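Below: one structure, written as structure tokens.
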Amino acid sequence: MKGKILVTGGTGYIGSHTVVELQNAGFEVVIVDDLSNSTEVVVDQIEQITGIRPEFHRFNLQNLELLEKLFEHSKVIDAVIHFAAFKAVGESVAKPLQYYRNNLLSLINLFDCMERFQVKNLVFSSSCTVYGQPDQLPVTEQTPRQTAESPYGNTKIVCEDIIRDNTRANPEIHTIALRYFNPIGAHPSALIGELPNGVPNNLVPFVTQTAAGIREQLQVFGDDYNTPDGSCIRDYINVVDLAKAHVISIERLLNQQNEGPFEFFNVGTGNGVSVLGLLHAFERATGQKVNYKIVGRRAGDIEQIYADTTKANKVLGWKSDVSLEDTLLSAWNWEKKIRGMS
């Protein structure tokens with residue numbers, strides 16, 4: 001084995017795909033997840049894909065005592081990938097204290113344990129939400145961070161500030177923050193994918209559920225933005241491509257190739273795609289029609305954002321490979337699998 005990696009939130013959407021890629025790359029994986037937005041069945045599915053069952057512990061990282069016991073039990077942990085966080089924008093507006101308590105305390109407790117047990121490497125799950133509505137596109141890593149549109153977005157900004165301040169005080173702890181754009185799609189095996197609890201917060205699960213007849217109609221929020229077709233523009237990245245960026249980041253830290261104790265990278269495709277453009281791409285890729293209607297704008301939505309990925313391409317040696325159509329087809333295959341559709 002190349003090393004033991006603790007993956008918090010490892011049964012979640014991005015976490016589970018990353019566990020698969022870590023195991024495929026020869027790492028031993030320990031997962032901790034409270035299953036607040038996932039199920040333990042994911043551990044079985046990971047084992048089906050890789051032939052290796054990751055060690056799994058169920059608890060919330062706010063519980064410092066259990067986290068300390070896990071570090072003690074695991075003996076040598078070489079690095080941590082920290083996904084575990086609440087992430088629904090709308091819910092964060094309604095329950096801000098719940099989001100601040102969970103997302104900030106989880107990171108603080110993790111750092112406490114890393115320092116106590118001398119674990120020196122962390123990859124942090126950040127977000128392009130830190131850029132807000134940028135003044136210039138595409139956004140680079142030098143693009144100024146903006147005031148967050150939601151408590152969820154603000155927790156990512158504050159977590160990055162905690163990382164920056166902690167690495168200044170403890171420069172032996174090295175951290176890479178990956179600022180994700182919009183992860184979509186599923187594993188090619190259709191054994192793992194995005195399975196939100198209740199009403200989806202993200203566009204693609206809503207698209208696939210509408211195409212599958214689970215939902216009657218998809219709402220497109222606004223067609224009067226200053227974009228070519230009037231709908232919002234995002235940078236949609238294949239989830240397996242995103243997972244591979246974490247493996248490369250872990251290897252960079254373990255091989256001590258990082259430049260300074262805190263680095264951050266944009267992880268996207270570099271291409272902006274509108275909501276309507278994505279719908280049409282889904283229909284082309286799958287042959288399925290999606291029943292949708294245009295409604296008014298949604299409060300808090302950013303008009304357009306997409307990445308400049310030059311730094312990740314050159315410094316990490318990473319780039320996105322999977323096309324939008326193939327990614328959307330993988331999401332549809334996953335939807336059919338979980339619905340028992342042929």
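None of these values were measured; they are calculated from a predicted model.
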Side-chain donor-acceptor contact under 3.5 Å, E91 with Y152: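 Not at all, the side chains of E91 and Y152 share no donor-acceptor pair under 3.5 Å.
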
Stepwise salt bridge (Lys or Arg N to Asp or Glu O under 4.0 Å) check, D241 with K319: CA-CA 8 Å; D241 282 343; K319 66 180 180 66; over 6 Å; no

How about [X]: does its [atom1] atom have over 12 heavy atoms from other parts shown lying under 6.0 Å from it?
X    : atom1 : value
E172 : CD    : yes
K311 : NZ    : yes
D224 : CG    : yes

side-chain hydrogen bond (donor to acceptor under 3.5 Å, both in side chains) assessment of T327 paired with N238: CA-CA 6 Å; T327 300; N238 180 277; 3.0 Å; yes

Plane angle bin for H280 and Y292 - parallel if under 30°, tilted between 30 and 60°, otherwise perpendicular: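 Rings of Y292 and H280: perpendicular, over 60°.
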
Whether H73 and H57 hold their rings parallel, tilted or perpendicular, with breakpoints at 30° and 60°: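 Correct class here is perpendicular.
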
Residue pair N313 / W318, side-chain heavy-atom distance below 4.5 Å: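 Counting from C-beta outward, N313 and W318 do come under 4.5 Å.
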
If you round to the nearest 0.5 Å, how far is [atom2] of [Y] from [atom1] of [X]?
X    : Y    : atom1 : atom2 : answer
Q62  : I108 : CD    : CD1   : 10.5 Å
N103 : F86  : CG    : CZ    : 7.0 Å
L254 : D78  : CG    : CG    : 6.0 Å
D235 : I184 : CG    : CD1   : 9.5 Å
Q23  : I46  : CD    : CD1   : 6.5 Å
L110 : E115 : CG    : CD    : 10.5 Å

E68: side chain to side chain donor-acceptor pair (under 3.5 Å) partners, not counting sequence neighbours: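 By the side chain to side chain donor-acceptor pair (under 3.5 Å) rule, E68 matches R116.
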
Carboxylate-amine/guanidinium contact E160 R164, below 4.0 Å: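 No, this pair does not count.
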
Pair S125-Y180, side-chain hydrogen bond (donor to acceptor under 3.5 Å, both in side chains): steps then yes or no: CA-CA 8 Å; S125 165; Y180 311 159; 3.2 Å; yes

Side-chain (Y13) to main-chain (P196) donor-acceptor, under 3.5 angstrom: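 Answer holds: no.
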
Test side-chain contact (heavy atoms from CB on, under 4.5 Å) applied to L316 and R252, E263, E251, Q257, the passing residue: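 Filter result, single survivor: R252.
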
